[in-house]
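These figures come from a predicted structure and were not determined experimentally. Below, read A as the first sequence line, B as the second, and so on, with proteins coming before strands; counting in each chain starts at 1.
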Amino acid sequence: MMRTLRCGELRTEHVGQTVTVCGWVNKRREHGEHLAFVDLRDHSGVVQCVVDNTVDVRSEYVLAITGTVRLRPEGTTNPELSTGEVEIHEATVEILSAAEPPVFPMDERADGVDEMVRLKHRYLDLRRARMQRNLRVRSQVNRSIREAMYAQDFVEVETPLLMPSTPEGAREFIVPARQRPGSFYALPQSPQLYKQLLMVGGLDRYFQIARCLRDEDLRADRQYEFTQLDMEMSFVDVDDVLDAVEVAVLDAAEAVTGVRPDEVARMTWHDAMERFGSDKPDLRFGMELVELTPIFADTGFKAFSTAGSIKGIKVDGGAADYGRNKLDNLTDEAKSFGAKGMVWLKVEADLTFNSPVAKFLSEDESRAIVSAFDAAEGDLILIIADEWSTTCEVLGELRNRIGRPPVSEGPYKYLWVTDFPLFVGVDAQTGQPRPGHHPFCHPHPDDIDKIADDPMSVRALAYDLVLNGWELGSGSIRIHDADLQRQVFAHLGISDEEADARFGFFLNPFRYGAPPHGGFAFGIDRLAAILAGEDNIREIIAFPKPQSGLDPMTLAPNEVDDRHLDELGIRVLPPAT
RNA sequence: GGUCCUGUAGUGCAGUCUGGAGUGCACGCCGCCCUGUCAAGGCGGAGGUCGCGAGUUCAAAUCUCGUCAGGACCGCCA
């Protein structure tokens, strides 16, 4: 070993020992010809070394320093430092690597540095305490999850990265097949199909910390490549799956924060939409949606009389905070999410309204609104009237916009959202219903009778896990019965022949005895980000990509040799104009 | 595909609205001084394609158009 202990480990108990520490020069402070301090840093912390000033070491030089640990002279201890009571003196310095001056400081001042500069020099960024902590949080999350799964008898299985292209879902990354020019593998959007086949294969309980790839536009909470805890279980009902996942995510949170979060709340999808206007409600704050539809059953106000659903939210004491400008912005916001408009009411002292539409509301209606919201002077009320889903979703967005704390701000509020609809909306191109989760999702047993007559009202045995308003992941009980699968396909506009062509390799195995099974997958990047107190998953990924997908450090993606392309049977077209 | 915001020294910024010499600040860097500092201190110094390209103008970091790059969001992400 080159070192006897780590920089951040030195304590008074080491006084008198001769030690060797290795690390980077965090800072050098000179005091004349024969005294200089070198703060040596590694991942564990910083220790002060007293060296002869004739040694030429500069920031970020990599050193091995050997010397004797002693108490610092009285009055010179540093309580900011874990090693602040001691120092290494009479130190001899071995330069292991010289270094050019760093592009940005290695402390928290670099938090303000342009992210592109940090990414271009990520190997420097990673030296910083923040990134060291974040990657270690992530490692702890992985470890906790793995141990929780092992403890519950799950088997870790790796599944292929090279798989057939399937047209459903996210845009795939594809890989040319050298031995079959013109044919391509697809990289997995998720191991979904394989994990169900593992159930058919009798694995009983599978998990994998799996890399998934989706060629969709990047966001603060999305990368091309992301990692999820992927799991599947046989002979289970919904509660069994939720219980198994709960252990893992609660363990992970406890391991990182030291505090075990509350039990995971449960709410049906319908309740979540009704109460919070979102299928991933943030339960850290209230401001729930209030039902107003009955109040306006016979209203003369045209904007309300034709709407199927009228709801609102109340901003306590918000009247003063929201001037005309902010309200106009909120209205634009509401429109961008699909509302035709937004009604705002400021509650006055006599519980009447200051509002452009006050004159259209009857006295009874106004009183009913005040009572429905339990409103008081100074409150701001925002109302949306539209079809049910639009009303809920728009208010959900407004609620988040107005009341939501930063995602990483505690406490941690896990939530199960259950009973998602089996079908959502209609595909714009085919006119057929679209699957809410995926086409292999089991309908709710109480609703199977309704598949034929009222498919849109059929609930699925599908569920999402939400943490502080971020969707962590989703899962479902799968269909294991061929007849039922055919029925669901039929409603998705997929014929037997088509199903066979598209999913044959997946469906045929189910003829040979498929156990009832279900599973789940959640994003480890998102979970780790929230637990690390970051609101952007790039901060907990060692080498992430910016929104453009162009890696400023490696310059990927890059062009390849013509010879390479010839071998693959690929010719690159000039860019479309 | 769309909306909004950003781009000035190695890094972070001011200057842009209201055009007048790259005018400036902090950190970092280089040199000298300094024996108890710890985001040390003092003195001196170097460092600029104002993202790029056009246009307007006597004159553009500043105004206009285009373009590139980055960010947040909408679409998209079964």
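- Shown here, A46(B) forms no base pair; nothing in the strands shown gives a Watson-Crick or G-U wobble contact with both key distances under 3.5 Å.
- Distance noted for atom P between U23(B) and U18(B): 24 Å (whole Å).
- For S548(A), a side-chain nitrogen or oxygen approaches OP1 or OP2 of G70(B) to under 4.0 Å.
- R109(A) meets the salt bridge (charged side-chain N to carboxylate O under 4.0 Å, His left out) test with D107(A); sequence neighbours excluded.
- Of all nucleotides present, none satisfies the Watson-Crick or G-U wobble test against C34(B) with each distance under 3.5 Å.
- Of the nucleotides present, C63(B) is the one that pairs with G55(B) by Watson-Crick or G-U wobble criteria, both distances under 3.5 Å.
- Contact annotation: R29(A) does not reach the phosphate of U37(B) (side-chain N/O to OP1 or OP2, under 4.0 Å).
- A cation-pi arrangement is present between R399(A) and F285(A), with the terminal nitrogen or guanidinium carbon under 6.0 Å from the aromatic centre and inside a 45° cone about the axis.
- Phosphate contact (OP1/OP2 of A72(B), side-chain N/O of R538(A), threshold under 4.0 Å): present.
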Report, as a single string ordered 5' to 3', how protein heavy atoms within less than 4.0 Å touch nucleotides 9-17 of chain B: B base, S sugar-phosphate only, - not at all.
-SSS-----

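- Summarising the base pairing, C76(B) is matched to no nucleotide, lacking a Watson-Crick or G-U wobble pair whose two defining distances lie under 3.5 Å.
- Searching all strands for a Watson-Crick or G-U wobble partner of G24(B) with both distances below 3.5 Å returns C13(B).
- One finds a side-chain N or O of K27(A) lying less than 4.0 angstrom from the OP1 or OP2 phosphate oxygen of G28(B).
- With sequence neighbours left out, the salt bridge (charged side-chain N to carboxylate O under 4.0 Å, His left out) criterion links K120(A) to no other residue.
- With sequence neighbours left out, the ring pair (Phe, Tyr, Trp, His ring centres under 6.0 Å) criterion links F503(A) to F440(A), F489(A).
- F207(A) pairs by the ring pair (Phe, Tyr, Trp, His ring centres under 6.0 Å) definition with Y150(A), not counting sequence neighbours.
- Residues satisfying the side-chain contact (heavy atoms from CB on, under 4.5 Å) criterion with E225(A), sequence neighbours excluded, are R211(A), L213(A), K545(A).
- Between G55(B) and A61(B), the two P atoms lie 15 Å apart (nearest whole Å).
- For residues 29-83 of chain A, the pairs satisfying ring pair (Phe, Tyr, Trp, His ring centres under 6.0 Å) are H31(A)-F37(A), with sequence neighbours left out.
- Each of U37(B), A39(B), G70(B) was ranked by its minimum atom distance to the side chain of R72(A); first place goes to U37(B).
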When you compare the protein's N or O atoms with those of nucleotides 4-6 of chain B, which come within less than 3.5 Å of each other, and at what distance?
none

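- Dashed line: the shortest gap from a side-chain N or O of T76(A) to OP1 or OP2 of C38(B) is not under 4.0 Å.
- The listed nucleotides are G36(B), A39(B), G71(B); the one nearest the side chain of N78(A) is A39(B).
- Residue E87(A) places a side-chain atom within donor-acceptor reach of the base of G36(B), judged by atom type and a 3.5 Å distance cut-off alone.
- Shown here, A40(B) forms no base pair; nothing in the strands shown gives a Watson-Crick or G-U wobble contact with both key distances under 3.5 Å.
- On a pure distance criterion of 3.5 Å, no polar donor-acceptor pair joins the side chain of E30(A) and the base of U37(B).
- In this structure, the salt bridge (charged side-chain N to carboxylate O under 4.0 Å, His left out) partners of R130(A), at least two apart in sequence or on a different chain, are D111(A), E534(A), E539(A).
- G71(B) atom P lies 13 Å from atom NZ of K545(A), rounded to whole Å.
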Each nucleotide in nucleotides 73-78 of chain B should get exactly one letter: B, S or -. Can you fill that in based on protein heavy atoms under 4.0 Å?
BBBBBB

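- By the ring pair (Phe, Tyr, Trp, His ring centres under 6.0 Å) test, W416(A) pairs with F520(A), sequence neighbours left out.
- D447(A) places a side-chain N or O within donor-acceptor distance of the main-chain N or O of R459(A), the cut-off being under 3.5 Å.
- With sequence neighbours excluded, the residues satisfying salt bridge (charged side-chain N to carboxylate O under 4.0 Å, His left out) with D56(A) are R58(A).
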